[in-house]
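Only this structure's heavy atoms are used, side chains among them; waters, hydrogens and symmetry mates stay out. When a ligand or atom number is given, it counts from 1 through the structure's own listing order.
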Amino acid sequence: MKARAVLFALTILCCLVAATGVIANYLNLVSYSERDAQRNGENTVDLLQHELDAVFDGYYRQVAFQAVLPEIQSYLLGEHSDVTPLLNHVCTQSGASLCYILDKQGFFVAANDFQFKAQTLNQNFAFRPYFKEAVASGASVYPALGTSTHERGFYFSHRVLDTDGQFLGVVVNKYPLQPLERISWQHAGHVVLLDRNGIIFASNRPDWVFSSLLPLDPMQQAAIQQTGQYGTLPETPVKFKWLSDGVIQVASDEHFRAYQASVKYLPGWSLTYLDSTELSPLSSRRSLWLWLMTGFSLVVIGMVSFLYRQGSRQILLRQQAEAGLKRSETRLQQLSQVSTEAIIMHRGGQILDCNPVAEEMFGYKRRELINLPLLQLFKTEHQQDVEQYYNHDEPGFEAEAIRADGVLFPVEVSYQFTQIDGESVGMSCLRDISERKEYEHRVQYQAQFDALTNLPNRKLMRARLNRSIINAQSKGNLVILMFIDLDDFKKINDTLGHEVGDELLVMVARRLQDAVREDDTLARYGGDEFILLLENQDNLYNAEIVAQKILKMLAMAFQIQQRSFYISGSIGIAVSPGDGVDPDELLKKADTAMYRVKEQGRNGFSFYSPEMNDYVLGRLEVEQQLRGALEHNEFCMHYQPIYCLNRKKVIGAEALIRWNNPSLGLVSPEQFIPVAEQTGLILPIGEWIIREVCEQGVRWRHSLDEDYRIALNVSPRQFRDGQIVPVLLRIFEETGFDPSCLEIEITEGLLVRNDDSTAQTLSQLKSLGISLSMDDFGTGYSSLSYLKQFPFDVIKIDRTFVRDLADDPGDQQLVTAALAMAKGMGLKVIAEGVENQFQMDFLASAGCDALQGYYLGRPVTAEEFQEKIIPPAEFRKMLEV
Ligand SMILES: Nc1nc2c(ncn2[C@@H]2O[C@@H]3COP(=O)(O)O[C@H]4[C@@H](O)[C@H](n5cnc6c(=O)[nH]c(N)nc65)O[C@@H]4COP(=O)(O)O[C@H]3[C@H]2O)c(=O)[nH]1
């Protein structure tokens, strides 16, 4: 009995031990399976979080980059005319669906999309959270439903500051939801982006959007509606029911386990992965098994048979657990397969695995990459930095990567370490940013170089000038700044078109570049202005040599479209430290010197001198006073007599304008006519002159000879304006003046352009019966060829040749030759500037037709003119002396 009882007790004990062992093993299996499913869910949400953060990182960088673009800054400063093409470009580059700019008051001022721009121009967005937050903290991300597009998106905004840190406005990029959808579509479960209230902002289940995962009371709902962030919330939202253990039930047959992760750029928001993997039957029956364990302990006999049956189920359960693990691995693999970035898994610096994008990006096969040191994928010089980034948990970095074939390319790396089987495994996402870098480089280049000539632009030149002045100060050297302006370039541009103008500028830039040394900076300052910067100079001699060389290079013919063009340049030179140590001051002085060269006849160079400033100020004063001169009746016409040598009497007069200004006094036409030309004031003044002359001509009709003529100076600008013929016709009609009594004096300046419209205007004047005379004959280069081309009647020998007739045999020869040639061509010759008897005798005996000069009469008013005319008998006597 005793032995049986012992045996029974021993049997019971053995059964209990066996039962406990089996149950313990079973429970272990249950918790192993649960842990595995959980780890899988956590890994997936980690990876999703990591990818979303990386995408947002990229967006943030894009908008931050746009905020420092010089074009956008100058647009907000009102200095840049149109940024639509630029916004269009950045929008396409960055993957945004909309890029726009708000000024500092929040008014909408520009967008990439014309339609959007037209709809929203001048609307105020200051109340929008992304504006307010960008103003307050520099940048913001705001997920919302677009009010005009009705599309959900992420609004990334960044404030724009000028170089002094002053707030100018805000750039905003709207990014569509595709990135989120792209990273979530391949999953067995669902990915949802939840706001602070639990509202689903984005999901790969469109029917869930804007429903709330958490219960929402009506007050809360009304408050959310009022913000307008999501438009109107759905009337019948999807109902989610939270069961125990983070399990959510949607409808009766859909269960998900929720795994949540935060979103770096959206504080309080969460990225939730809803795993639809069938929830473990083991887990749901755990409590039942606890009961059984107690029951088993009590009912030993039944346990034996139960354990026998369970033995076979154990195998089944293990198989289920293994399948779960496999699914988790496959899911990770799928995720990396669909990624557009290279994903590399690594442990202890060695590559464990990678996706196909990594193979393609680095030019290795997967098997070659596995076990390769991760650092080997980076440029040798960067490897140490990359190691540091990983060691210091830098969330993301940029580095130069190297392909298997040795080609280098820039990458953006983001990574995360996860515990797998107790070991730290890194997941690195690498994105090839060559395109972005190239774009950034291009934008930077465009901000510093001129698009037409590829020379440094004004901004870069200013920076170099600044630097060279500082360098020169420390070394005691000179900085020479040359301001080069092409003479009459505007004429070429206006008459032959911008295409020829542009081609000419490119050729000039190339020629100038060839003329200077590599260390010198040649920049395009704007239009037809170039700047040359000579650094580290120890004397000014070099500047003269370079200036002369440039003038010589410019003087050589330019061949464009099978035509030869001749141009010249005017160069102003300023030297630092003598002329100042401030870049703007130096530029201004070089400009003043250049301007002086222009005034003195162009095609030359000049160093700046302080007197030039006085001159410029004087000229400014002339310009200012000239603007009111007509209105204040400050002009009058003087007439200088012209005597005919054959008929030995006055045959006409040259009309010359006089200006008497209350503050400037009498101003010479040589001083104010060029100013009137440059400012365009010559047009109203010229018309006034014509009217005065015609009215005077009519008054003289009876007192002067029948065939008298009044000579009138017409400036090139009046011709170019195209109105000279209609103006003359109108005034002839209004005054009754006979056009055959008018002689128009033209200088060579007008003919240089040699275009069809000039020739046409001259023939029109001829056909009206007006005579044409070439003024200042002999001073230009091409007078003779112009005489052949245009229908002149008279040439006027310039007074500079008459002045030295007594002493200069060269001038005597020129006058004699001009007379012979004019006779040969059937032209009349008038000599100007006759100041003495010798000149009169010489010109008379050489066969001149008419004379004009102080010796015979100064320019006087119309009234004095008649009083002072030398009577024929007296004039005859003068000739016989
Ligand atoms: N030293 C010297 N000078 C003499 C002598 N005889 C005449 N002159 C001056 O020589 C200039 C002749 O005019 P220009 O060569 O057409 O040169 C003119 C002409 O180019 C321009 N100008 C004058 N009046 C007008 C005008 O009404 N319209 C336009 N467009 N230009 C004008 O201003 C220039 C200078 O005019 P003015 O000062 O009136 O100077 C006049 C005249 O006063 C002389 O014997 N000795």
Side-chain angles (χ1 to χ4, degrees), residues 599 601 622 626 629-630 634-643 650 652-660 665-697 709-721 723-724 727-728 731 742-750 772-780 783 794-806 830-840 842-843 848 850-862 864-865 868 870:
E599 295 281 335
V622 167
L626 200 56
L630 256 188
E634 291 170 11
F635 294 118
C636 76
M637 293 309 292
H638 277 196
Y639 299 89
Q640 184 176 29
I642 299 172
Y643 288 86
V650 166
E654 177 174 0
L656 295 158
I657 192 167
R658 293 294 175 259
W659 179 28
N660 195 355
L666 265 176
V667 188
S668 145
E670 268 166 336
Q671 220 181 323
F672 73 83
I673 290 287
V675 181
E677 273 253 346
Q678 278 155 22
T679 53
L681 287 168
I682 194 69
L683 299 175
I685 296 175
E687 191 171 331
W688 178 87
I689 295 171
I690 296 171
R691 186 175 297 279
E692 278 288 307
V693 166
C694 290
E695 281 171 357
Q696 187 55 51
R709 281 213 192 113
I710 305 183
L712 179 77
N713 289 283
V714 174
S715 76
R717 179 94 181 238
Q718 286 172 276
F719 264 84
R720 244 177 280 141
D721 173 55
Q723 290 300 306
I724 182 83
V727 166
L728 280 167
I731 294 176
L742 191 68
E743 184 174 293
I744 287 188
E745 294 193 4
I746 291 152
T747 50
E748 213 181 271
L750 172 74
L772 299 178
S773 78
M774 177 181 273
D775 205 3
D776 305 339
F777 182 81
T779 54
S783 311
V794 180
I795 56 173
K796 290 189 86 170
I797 295 180
D798 191 67
R799 62 176 187 271
T800 49
F801 300 105
V802 175
R803 187 183 56 207
D804 299 329
L805 273 179
I830 301 177
E832 285 185 316
V834 179
E835 289 183 349
N836 54 45
Q837 185 69 41
F838 175 84
Q839 291 164 344
M840 184 164 87
F842 182 89
L843 292 162
C848 214
L851 303 179
Q852 177 187 346
Y854 291 170
Y855 191 56
L856 300 167
R858 287 181 175 262
V860 287
T861 61
E864 289 173 307
F865 181 80
K868 293 195 173 166
I870 305 170

Checklist outcome for this item: Lining ligand 1 at under 4.0 Å, by non-hydrogen atom distance, are residues Met637, Gln640, Glu654, Leu656, Ile657, Arg658, Pro669, Glu670, Ile673, Ile689, Asn713, Ser715, Glu745, Asp775, Asp776, Arg799, Glu832, Gly833, Val834, Glu835, Gly853, Tyr854, Pro859
Next on the checklist: Asn836: which residues meet the side chain to side chain contact (heavy atoms under 4.5 Å, CB included) condition with it, sequence neighbours left out?
Outcome noted: Phe838, Gln839
Checklist entry - Can you name the side chain to side chain contact (heavy atoms under 4.5 Å, CB included) partners of Arg803, sequence neighbours left out? => result Thr800
Item to check | Point-to-point distance, once rounded to the nearest 0.5 Å, from OH of Tyr639 to CZ of Phe865 | outcome: 9.5 Å
Checklist entry - Looking at CD of Glu677 and CG of Leu683, how far apart are the two atoms once the value is rounded to the nearest 0.5 Å? => result 9.0 Å
Item to check | Geometric class of the Phe635/Trp659 ring pair [parallel <30°, tilted 30-60°, perpendicular >60°] | outcome: tilted
Next on the checklist: Just to verify, what does Glu687 make a salt bridge (Lys or Arg N to Asp or Glu O under 4.0 Å) with, not counting sequence neighbours?
Outcome noted: Arg730
